Structures are given as structure tokens and as C-alpha cells.
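Worksheet: one structure, shown below.
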Amino acid sequence: MPDQAALRRTALAAGLPAIDPARILDAGCGTGHAQSALQARFPAAHAVALDLSSAMLHRVSAPCCRIAGDLEHLPLADASLDLYWSSLAVQWCDLPAVLREAHRLLRPAGHLALASLGPDTFHELRRAFAGVDEYRHTLAF
């Protein structure tokens with residue numbers, strides 16, 4: 001059976017350019033699922049895990065700075081990040097506000113890495129319910 005941590009590191013490495021960030025943010029980190037992969041990929045970087053929920057931050061096991069905060073109003077200094085990473089969080093926010101904050105926080109030549117849900121998310125489920133009733137059984141992204 002493949003090592004799950006190694007698979008996450010490989011997927012993370014494949015999706016990002018060859019960079020050496022000094023400071024990285026996992027925005028909307030939840031329980032910190034990506035933290036170990038980010039730290040393995042960028043071992044010299046100062047890692048910051050940020051989530052709206054302090055209860056989620058208590059579940060982050062990777063060694064990092066934990067900050068409770070809102071992605072639309074981040075409590076971080078201007079031009080303080082080299083990599084802004086967010087996976088499955090921005091779809092719950094006002095996207096223009098999130099992008100303004102990311103732009104404010106990123107240093108020149110910084111990188112933005114977002115993974116989110118789109119209009120085709122849950123299309124199979126919507127199709128399955130289409131013949132049942134007129135109610136939308138999924139969230140619109």
C-alpha cells in the first residue's frame with residue numbers, strides 16, 4: 001500500500017513551481033491536513049496555519065504557527081508571505097475579498113495556490129435528484 005504522506009507530497013510538488021518560500025500560509029487549514037505535506041515540500045519555510053475555527057486549529061498536529069482568522073480580513077502584515085496556499089476553503093468566502101487579501105499579503109514574486117470547488121461539483125448528484133423534485137440538493141459553487 002502506498003505511503004499516503006508521500007502521495008500528498010508528490011501531488012503538492014507536482015502542482016507548484018520550483019520555489020523556495022521563506023514564509024507559507026495554509027489559509028483555511030481546517031485540521032491541518034496539508035501542513036505535513038507543505039512542510040515536507042518546504043522544510044526551511046516558516047509555516048502558518050490559519051482557520052476561522054480555533055477548534056480546528058487545536059487539531060493541527062504539524063509544528064507551525066496557528067492563527068484564528070477570517071480569510072476575508074487576515075491578521076497578517078502586508079507583503080509577509082511567499083506562498084499563499086488554500087485548499088477547499090475559498091468557496092465559502094467572498095472570492096474578491098479573499099483575492100485582495102492574498103494580493104496584499106504576498107511579497108513580489110510570491111505564489112498563490114488555490115484549490116476549490118466549481119460549477120460542476122456534485123453534477124452527478126444534481127443529475128440523480130433532477131427526476132425526483134425541483135429542490136436543489138447541493139450547494140452552488
Side-chain angles (χ1 to χ4, degrees), residues 1-130 132-141:
M1 177 172 241
D3 174 14
Q4 292 300 313
L7 289 175
R8 284 193 303 272
R9 285 190 299 274
T10 301
L12 181 62
L16 291 172
I19 58 174
D20 189 21
R23 187 175 302 254
I24 58 176
L25 171 68
D26 184 356
C29 67
T31 60
H33 181 75
Q35 276 299 309
S36 61
L38 285 167
Q39 289 177 8
R41 173 70 173 86
F42 307 112
H46 175 79
V48 177
L50 182 135
D51 200 88
L52 188 60
S53 169
S54 57
M56 290 292 222
L57 289 168
H58 287 302
R59 306 232 11 230
V60 176
S61 60
C64 60
C65 176
R66 293 166 184 79
I67 300 174
D70 183 345
L71 296 183
E72 297 172 16
H73 308 282
L74 292 166
L76 299 170
D78 294 357
S80 60
L81 300 174
D82 299 297
L83 174 61
Y84 180 110
W85 164 275
S86 186
S87 179
L88 298 177
V90 299
Q91 70 274 2
W92 308 114
C93 304
D94 176 48
L95 186 58
V98 169
L99 294 176
R100 275 192 303 276
E101 281 294 273
H103 183 262
R104 179 182 69 79
L105 295 175
L106 285 169
R107 293 178 178 146
H111 293 270
L112 175 68
L114 298 177
S116 189
L117 305 173
D120 287 338
T121 301
F122 303 129
H123 70 276
E124 298 94 346
L125 187 59
R126 281 196 306 278
R127 193 170 30 252
F129 274 110
V132 176
D133 58 31
E134 297 297 315
Y135 180 75
R136 184 178 180 112
H137 293 270
T138 63
L139 296 172
F141 297 106

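Just so you know, these numbers come straight off a predicted model, no measurement behind them.
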For [X] and [Y], which heavy atoms make the closest approach, and how far apart are they?
X	Y	result
Gln39	Ala62	OE1-CB, 3.8 Å
Cys29	Leu57	SG-CD2, 3.6 Å
Ala27	Ala89	O-CB, 3.9 Å
Pro21	Ala45	O-CB, 3.2 Å
Asp94	Glu72	N-OE2, 2.8 Å
Leu71	Cys93	CD1-SG, 3.9 Å

Find the distance between [atom1] ([X]) and [atom2] ([Y]) and round it off to the nearest 0.5 Å.
X	Y	atom1	atom2	answer
Cys65	Arg23	SG	CZ	8.0 Å
Leu114	Ser86	CG	OG	6.0 Å
His33	Asp26	NE2	CG	10.5 Å
Leu25	Trp85	CG	CH2	12.0 Å
Arg59	Asp51	CZ	CG	12.0 Å

- With sequence neighbours left out, which residue pairs that include part of residues 98-118 fulfil the side-chain hydrogen bond (donor to acceptor under 3.5 Å, both in side chains) condition?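 Every pair satisfying side-chain hydrogen bond (donor to acceptor under 3.5 Å, both in side chains) with a residue in residues 98-118: Asp78-Arg104, Asp82-Arg107, Gln91-Ser116, Glu101-Arg104.
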- Would you call Leu99 and Val90 a side-chain contact if the rule is heavy atoms closer than 4.5 Å?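 A side-chain contact under 4.5 Å is absent here.
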List the residues meeting side-chain contact (heavy atoms from CB on, under 4.5 Å) with [X], not counting sequence neighbours, and say none if there are none.
X	result
Pro75	Leu50, Ile67
Leu106	Leu81, Tyr84, Leu112
Asp133	Tyr135, His137

